[in-house]
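All remarks here apply to the structure that follows.
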Amino acid sequence: CPSVPMLLAVAVAVATLPHAALASRLRYELLDTYESAANPAATVVVGQARFTVLTPRIVRMEWAREIDGGFEDRPTLAVINRRLPMPKFTKAQNQSAFFITTESIRLTYITGESFSPQSLFVEPVEGSNSTFRGWKYGQNSLNDPGNLFGTFRTLDKNKVVNLNCTEAGQPHCE
């Protein structure tokens, strides 16, 4: 990626600034332009829930306390640019549930319910060739070690580390 060395050079240059100068210059500054709001066609609102299909494997899920929305479009650490190429997906609804299906996952949301393990879950699509086993709201690496291929607490001063928990002998997956 040609912009990576330039971005790295900027990061190194900025790191040498005094703390106050650094703080004033790190306000969502990137070398390329970005848009924190996703393509409206990739966004689905169902009552107080909003789902944004970012990629065939990444769906952003939000719950608004107010019925009229109040969703967040500012950049996050995980995804600064949400104006990504439009992924293919389908949406469907029956009397009690809403579904979003991509080539890799199927999200199920029980309509009208606040997010819970019983009302919001994601399953792999049959034949997607993924190690993903599924996810329920509230699930994290403490109650399902290895599911999200998490990282070490820090990678500073470590050698190249394989973070794939499905491979034998990965000490961070226990």
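Although no hydrogens or angles enter the test, the distance criterion places no donor-acceptor pair under 3.5 Å between the side chain of Glu113 and the main chain of Ile110. When atom types are taken as modelled, the side chain of Gln48 and the backbone of Gly112 share no donor-acceptor pair closer than 3.5 angstrom. In terms of modelled atom types and a separation under 3.5 Å, the side chain of Thr102 and the main chain of Ser104 share a donor-acceptor contact. Judged by distance alone, with hydrogens and angles left aside, the side-chain atoms of Arg50 form a donor-acceptor pair with the main-chain N or O of Glu72 at under 3.5 Å. Looking only at distances, no side-chain donor or acceptor of Thr108 sits under 3.5 Å from a matching main-chain atom of Phe99. Proximity of a side-chain donor or acceptor of Ser119 to a complementary backbone N or O of Ser114 within less than 3.5 Å is detected.
Using a 4.5 Å cut-off on side-chain heavy atoms (C-beta onward), Leu107 and Phe121 make no contact. Side-chain contact between Met61 and Leu120 is present, with heavy atoms from C-beta onward closer than 4.5 Å. Contact annotation: the side chain of Phe132 never approaches that of Arg57 to less than 4.5 Å [non-hydrogen atoms, C-beta and beyond].
Tracing side-chain contacts under 4.5 Å through hydrophobic residues (I, L, V, M, F, W, Y), one reaches Val46 starting from Ile105; they form part of the same cluster. Linking Ile, Leu, Val, Met, Phe, Trp and Tyr residues whenever their side-chain heavy atoms come within less than 4.5 Å places Tyr137 and Val44 in a single cluster.
Rounding to the nearest 0.5 Å gives a distance of 6.0 Å between CZ of Phe51 and CD1 of Ile100.
For the pair Val53 and Pro87, the tightest heavy-atom approach, listed with the atom from each and the gap, is O-CG, 3.4 Å. Looking at every heavy atom in both residues, Leu54 comes nearest to Arg60 through CD1-CB, 4.2 Å. Scanning all heavy atoms of the two residues, the minimum distance from Glu103 to Val125 falls at O-CB, 4.0 Å. Of all non-hydrogen atoms in Ala41 and Met86, the two that sit nearest each other are O-CE, 3.1 Å.
Heavy atoms from other residues, nucleotides or ligands lying under 6.0 Å from CG of Asn94 number more than 12.
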Checklist entry - Where do Thr101 and Phe89 land on the side chain to side chain contact (heavy atoms under 4.5 Å, CB included) test, with the steps shown first? => result CA-CA 5 Å; Thr101 305; Phe89 70 95; over 6 Å; no
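Phe115 and Tyr109 have perpendicular rings, their planes meeting at more than 60° on a 0 to 90° scale where under 30° would count as parallel.
Between Arg106 and Glu123 there is no salt bridge, since no side-chain nitrogen of the basic residue lies less than 4.0 Å from a carboxylate oxygen of the acidic one.
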